[in-house]
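One structure is given here, and the rest of the page talks about it.
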4 protein chains.
Amino acid sequence: MQQRSPRRQVSRLPPERRIADIMTAAREIFTEKGYTEHVISEIAERAGVVEGTIYRFFANKNDLLQQVAEAWFQEMMDQSAAHYEAIRGEWNALHFVIFHTLEAIRRDPGLTRLILYELRPEPDHRDTRLYALHYEYTGRLCGIVREGMERGVFRPDADPDLVRDMAFGAIEMRTWSYLHHKSSFEPGPLAREITDMLYTGLLPAAAPAQRDETLRRLEAVTLRLETLAGETQA
Amino acid sequence: MQQRSPRRQVSRLPPERRIADIMTAAREIFTEKGYTEHVISEIAERAGVVEGTIYRFFANKNDLLQQVAEAWFQEMMDQSAAHYEAIRGEWNALHFVIFHTLEAIRRDPGLTRLILYELRPEPDHRDTRLYALHYEYTGRLCGIVREGMERGVFRPDADPDLVRDMAFGAIEMRTWSYLHHKSSFEPGPLAREITDMLYTGLLPAAAPAQRDETLRRLEAVTLRLETLAGETQA
Amino acid sequence: MQQRSPRRQVSRLPPERRIADIMTAAREIFTEKGYTEHVISEIAERAGVVEGTIYRFFANKNDLLQQVAEAWFQEMMDQSAAHYEAIRGEWNALHFVIFHTLEAIRRDPGLTRLILYELRPEPDHRDTRLYALHYEYTGRLCGIVREGMERGVFRPDADPDLVRDMAFGAIEMRTWSYLHHKSSFEPGPLAREITDMLYTGLLPAAAPAQRDETLRRLEAVTLRLETLAGETQA
Amino acid sequence: MQQRSPRRQVSRLPPERRIADIMTAAREIFTEKGYTEHVISEIAERAGVVEGTIYRFFANKNDLLQQVAEAWFQEMMDQSAAHYEAIRGEWNALHFVIFHTLEAIRRDPGLTRLILYELRPEPDHRDTRLYALHYEYTGRLCGIVREGMERGVFRPDADPDLVRDMAFGAIEMRTWSYLHHKSSFEPGPLAREITDMLYTGLLPAAAPAQRDETLRRLEAVTLRLETLAGETQA
DNA sequence: TATGAATGAGAGTTCATTCAT
DNA sequence: GATGAATGAACTCTCATTCAT
């Protein structure tokens, strides 16, 4: 016989709070439970509400899943945005995106699984805000490559989309392994390896351009620092 | 004891034939239907049998899925084995594996979806014959890379597993796009692009090997200085 | 996600009421239907709910059966407890337990069948609350015998467990006959017969002890009554 | 996937032989498998035939079960018939029947389970040859009691049917315990105990027969008085 | 607004029995 | 006579969703 819950306390909370509670509960469940084992009633229980309440705030189960995933993704993008903008240098930029992604996966493999195995397979996934976010996020890599091409650091015939697919494809392969194997997953070395491989593949046959570019920037920085030093002294 | 009903119309086929019918029907359903919408009853109907018959030949639904997938995979491996053995040259070998995979996916996207989204996520997938086959198949790439390294064609510090993950990762990203987008999917150009990218990334540096390494360290220093400069200014 | 159909007509009852309805329905079905012909769908229909509702309150079919049987048993024990405590004399005590059991069976042969033929055969029956109840209930007989032995009314070499098995074994044989034969089943005479047989078998070869004991009690009561009569007069 | 048997050798056997094979296989299965876990296909396989063949010789599954049980029973009766006829003395006769039954159960608990839990519960069990055999077999006890009564060894007011029910009832209770508990089950001591208990209960009172009756009435009066005394006090 | 009892469609699976070969 | 592939009717159980209270 099922556990009958003791008569629950009706508490009227502001909607934002309720929504937050539900999403937190859902996220916890996804993180703990394996594939496809999340059940509305369990999420409700953990959030301290009943099933019906969830349906006041979310159109259906899938909507809840989407929103949880979106929030996670948004969080991840917001976290990295500031630093990402400030990065200089193609290698660093590539590395940062890749490393940051791996780190997020390591922290939240359950959510990753949710997205990879449950949300992405849905037939209308491309019409989803989650898809848009993901597209934007992974698009950063394309941007980096494109910029590198413009600046002559990368081969002019490189294909930014392919680079993105190779990077995130490789990440996914390793993630999948991590999810199943329960093997450890080291963002640091892995990010460096992937970045190196891509970077090397993107460099022009001989790469004097890059060296020059780096030297140029080095000079510029030096100049700025000197100026700064002068100002501070003054 | 069960009640029997009068109607009946049995057509008797040799088991191999029935099994083939069922597997064909299942394969068709997988190809047509979206994610998770394949149902035993539908497969049975299409195969011209009742549900119970399927259970004569397959232990359960999952067993049927596995076998269909295995057969497809085996077919794919057998087809390519002869030619694969005969190939000369790293680029050619890489390209052949990649191209052949893409071709198979283009022909049978439904089965690909089956494997990627339904069979692979299963918790015990690693103990599966399908996994073993897949591992062997993708391992070809590692073999090629390793051989290239031995022959001095590729950088001695390359990581064969990473190359495999990048190649099949990229393939998967495109496949996923193909599955949803219903966009076309051109094995020819795609295979060439992926191969080029990997191949280039694997070649030893034209200039002394440490050039890149030096450059990278220089780059890192620059970055630090730039950051410092930014912070100091602010 | 599931498709919903429009029709619906919900009647909302307090859980206790629903549970009671379901258990009543189940009990009716068990009483009417023969061996193993009770089906969840039928119980649901009779209780005026759909099958799924039953699973809100009972973990599975077996759980429902167990609970119905337990309730019946508990009822039976509660009913008899008060009187049982008050009984004096070995013969009376034996007779009461036996008679009461036969009466309960006569009233509810269907539930008896449920317990004997379906619940008891289960492999883990011994870990069941029903088993514990049954054990306690039939244990009353052992207690009576043991007490009789201590008081010297019964042979010192009697085996209480065997007495229990003979009593309830005989009851079961007759019950079985009743269940199939649809023959009548008269608790009164039967209880007397069984009790006599056991009682006789338990007496010491010659039984002066008992006579003495009874005489002693008779004297004691007489004395008390005399005293009482005196008090009342005063 | 199920094991497909290698193309079986069609061998034409005399019907008696086939029947014997099937019954032997069935008996083995019943002995090994737990409650309700015997499946026609398994019996067929063990007998070296296919399901269909069984239906040539047995009307249905139940018919097979019945015949196996009957054969076992018949065997048991035949085995004991000779000795049973020759026995002298009531105690010896009672003991022999009880002991022999316990021995048979100890040897074949699986078949006992089959009869107790599956065949006997069937609604039309009383119309069965198995029932008739069983009735005849257990009737031996009645005969012994009746004869003892005629010879004046047993009380003239004994009830032979009740003695039978107590004996076989007790046996069944112990059997049930044996089947579940996997506890050992010792026919020797147990038979002696049961026989003693019955025998003692059947002997005429050493003292005049009405002694017990008088005692009992005295006991009842005492009880009434005690109760009265208690109530009056309260 | 929150509740949570009730819904209901359907999924996978089992197995005694039949009958074309 | 023997085969064993095929049947098909049940059965238990799940769970997203609804809506009377």
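Each chain gets a letter, A, B and so on, in the order the sequences are listed, and its residues count up from 1.
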_Among A:D108, A:I29, A:L65, side chain to side chain contact (heavy atoms under 4.5 Å, CB included) partner for A:L114_ = A:L65

Send over the distance from [X] [atom1] to [N] [atom2], rounded to a whole Å.
X     : N      : atom1 : atom2 : result
B:E51 : F:dT7  : CD    : P     : 11 Å
B:E45 : E:dA11 : CD    : P     : 12 Å
C:K61 : F:dC13 : NZ    : C1'   : 12 Å
B:I54 : E:dC15 : CD1   : C1'   : 16 Å
A:L64 : F:dC15 : CG    : C1'   : 15 Å
D:E42 : F:dG4  : CD    : C1'   : 17 Å
B:R17 : E:dT21 : CZ    : C1'   : 16 Å
C:F58 : F:dT12 : CZ    : C1'   : 16 Å

_Given F:dC13, F:dA16, E:dT7, the nucleotide with the shortest approach to the side chain of A:I40_ = F:dA16

*Would you indicate which nucleotide in F:dT7, F:dT17, E:dT17 comes nearest to any side-chain atom of B:V50?*
F:dT7

Would one find a side-chain N or O of [X] under 4.0 angstrom from OP1 or OP2 of [N]?
X     : N      : answer
B:R18 : F:dA6  : yes
B:Y55 : E:dT14 : no
B:R56 : F:dA6  : no
D:T53 : F:dA2  : no

*Would you please test C:D21 and C:R18 for side-chain contact (heavy atoms from CB on, under 4.5 Å) and show each step?*
CA-CA 5 Å; C:D21 283 0; C:R18 266 286 179 251; 4.0 Å; yes

_If you compare all heavy atoms of A:L130 against all heavy atoms of A:E70, which two are closest, and at what distance to 0.1 Å?_
N-OE2, 3.7 Å

*Do other residues, nucleotides or ligands put more than 12 heavy atoms under 6.0 Å from the CD atom of C:E45?*
no

*Sequence neighbours excluded, which residues qualify as side chain to side chain contact (heavy atoms under 4.5 Å, CB included) partners of C:S41?*
C:V39, C:E51

*Please figure out whether C:G52 or B:G52 has its closest DNA chain E nucleotide nearer the 5' end.*
C:G52

_Both B:N62 and D:S41 contact DNA chain E. Taking the nearest nucleotide for each, which residue is further toward the 5' end?_
B:N62

*For DNA chain E, what are the stems built from at least three Watson-Crick or G-U pairs in a row, each pair having both distances below 3.5 Å?*
E:2-21 with F:2-21

*How about D:L64 and D:F57: do any of their side-chain heavy atoms sit closer than 4.5 Å?*
no

_For a side-chain contact (heavy atoms from CB on, under 4.5 Å) check, start with the C-alpha distance between A:F30 and A:R113, then their side-chain angles and the critical distance, and finish with the verdict._
CA-CA 8 Å; A:F30 300 148; A:R113 185 179 46 216; 5.9 Å; no

*Identify whether any heavy atom of D:F57 sits under 4.0 Å from a base atom; if not, whether one sits that close to sugar-phosphate; answer base, sugar-phosphate or nothing.*
sugar-phosphate

